[in-house]
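For ligands, and for the atoms within them, numbers begin at 1 and follow the listed sequence.
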Amino acid sequence: MLEGIRDAVRKFLGGTTSYDVAVDEFIKDLQKALISSDVQVKLVFSLTNKIKERLKKESPPTSLERREWFIKIVYDELSSLFGGDKEPEVNPGSLPYVIMLVGVQGTGKTTTAGKLAYFYKKRGYKVALVGADVYRPAALEQLMQLGKQIGVPVYGEPGEKDAVGIAKRGVEKLLSEKYELIIVDTAGRHGYGEEAKLLEEMKEIYESVKPNEVILVIDASLGQKAYDLAKRFHEASKVGSIIITKMDGTAKGGGALSAVVATGAPIKFIGTGEKIDELEVFNPKRFVARVLG
Ligand code: GDP
């Protein structure tokens, strides 16, 4: 994972070799760490080339030690992969707006559906939820509880097994009731070896609901697996943004970089706990500092 970068930063800042040698070594270590975290080779080289160009063009501000200045450039360039200085736009561009949540079971999808509903309700939107996870028996019940807690209606069909039908009927009904922001929770598993079926179902829901945005929910501890997973979900239903859950845990969330690269989608929020209000708008700089630091 990206631990390699942390070690390289430490080695670089504490090293005794000459600055130029240390820079070359650092860049090699950075490339190795990124490539071993499944970041595309093309992207790795474009990132390190940008760093090298800035080194040539800019001179260190006098207040900063040269080595620290160099690391700041690395931070800046890595942050720009995640959106740079700007926090992402999270308000819907048009109304009504339908969000479909996808991701594997246990990542915190249902919890995140509740958190998002609460987040947008607080911003003044008329929000509703649809429970289309028919494979985890408790999922609908869990969503209903969350809805009750935050005062947001939940559409569900207890006992019904046709997730595509539920999603379609739910969104239609809620649109006709003039809800402005509708969040659809989907299944995360179909049993072992049934992944193709899950992805097929995502695709069918995507095509029948035609959401304005698909959000991929991934767990901060996913690491290298994030790239493949994000890519497969992206192929089934075009992923528009990403939420990283469990950022309050020990995992640094380095796999998120791979998910961003695999989908080209920005990270919009991070989950920082189990409670309904533990959702934060993503801040690229803070995130990179965490991944590296
Ligand atoms: P789903 O299967 O993806 O729908 O997952 P759930 O929403 O049921 O969440 C699985 C577990 O992760 C639950 O125990 C949640 O409370 C927990 N969880 C979800 N998001 C977060 C988070 O941001 N931080 C922490 N610590 N736990 C979370």
Asks: Salt bridge or not between R10 and D7? Use side-chain N to carboxylate O under 4.0 Å.
Replies: yes
Asks: Could you tell me whether R136 and ligand 1 have an N or O pair separated by under 3.5 Å?
Replies: yes
Asks: Can you pull out the closest protein heavy atom to atom 24 (N) of ligand 1? Residue, atom name and distance to 0.1 Å, please.
Replies: D248 OD1, 2.8 Å
Asks: How does T272 reach ligand 1, if at all, at less than 4.0 Å between non-hydrogen atoms: by side chain, backbone, both, or neither?
Replies: backbone
Asks: Provide the number and element of each atom of ligand 1 under 4.0 Å from a heavy atom of T107.
Replies: 3 (O)
Asks: Using a 4.0 Å heavy-atom threshold (strictly under), name the region of Q142 that reaches ligand 1: side chain, backbone, both or neither.
Replies: side chain
Asks: Touching ligand 1 at all, K246? Heavy atoms, strictly under 4.0 Å?
Replies: yes
Asks: Need the ligand 1 atom indices (1-based, order shown) with element for anything under 4.0 Å from a heavy-atom of T111.
Replies: 6 (P), 7 (O), 9 (O), 15 (C), 19 (C)
Asks: Give, for atom OG1 of T272 and atom CG of D248, the distance between the pair rounded to the nearest 0.5 Å.
Replies: 6.0 Å
Asks: Checking the side chain of T245 only, and the main-chain atoms of T107 only, is there a donor and an acceptor separated by less than 3.5 Å?
Replies: yes
Asks: Numbering the atoms of ligand 1 from 1, which are under 4.0 Å from a heavy atom of G271?
Replies: 23 (O)
Asks: Salt-bridge test for D76 and K72: reply yes if a basic N is under 4.0 Å from a carboxylate O, no otherwise.
Replies: yes
Asks: Between side-chain atoms of residues 89-97 and protein atoms elsewhere (two or more places apart, or another chain), which donor-acceptor pairs fall under 3.5 Å?
Replies:
unit_1, atom_1, unit_2, atom_2, d
E89, OE2, N91, N, 2.9
N91, OD1, R123, NH1, 2.9
Y97, OH, E213, OE1, 2.7

Asks: For G273, is at least one N or O under 3.5 Å away from an N or O on ligand 1?
Replies: yes
Asks: Heavy atoms only: which of G103, G249, G106 is nearest to atom 10 (C) of ligand 1?
Replies: G106
Asks: Just let me know how K115 lines up against ligand 1, side chain, backbone, both or neither, with a heavy-atom cut-off below 4.0 Å.
Replies: side chain
Asks: Counting both backbone and side chain atoms, is some N or O of T110 under 3.5 Å from an N or O of ligand 1?
Replies: yes
Asks: So is E274 polar-close to ligand 1, meaning N/O to N/O under 3.5 Å?
Replies: yes
Asks: Please identify which of these residues, R54, K285, K52, meets the salt bridge (Lys or Arg N to Asp or Glu O under 4.0 Å) condition with E77.
Replies: R54
Asks: Testing the 3.5 Å rule here: is there a donor-acceptor pair between the side chains of Q145 and Q149?
Replies: no
Asks: Tell me whether K121 contacts the main-chain N or O of G151 through its side chain, where contact means a donor paired with an acceptor under 3.5 Å.
Replies: yes
Asks: Could you find the nearest protein heavy atom to atom 3 (O) of ligand 1 and give me its residue, atom name and distance?
Replies: K109 N, 2.7 Å
Asks: Report the C-alpha distance between E177 and Y155 in whole Å, list the side-chain angles of each, state the deciding distance to 0.1 Å, and finish with yes or no for side chain to side chain donor-acceptor pair (under 3.5 Å).
Replies: CA-CA 12 Å; E177 292 170 2; Y155 179 92; over 6 Å; no
Asks: Using a strict cut-off of 4.0 Å, indicate which atoms of ligand 1 neighbour a heavy atom of Q105.
Replies: 2 (O)
Asks: May I ask you to establish whether K126 and Y179 are in a cation-pi arrangement, using a distance under 6.0 Å from NZ or CZ to the six-membered ring centre and at most 45° from the ring axis?
Replies: yes
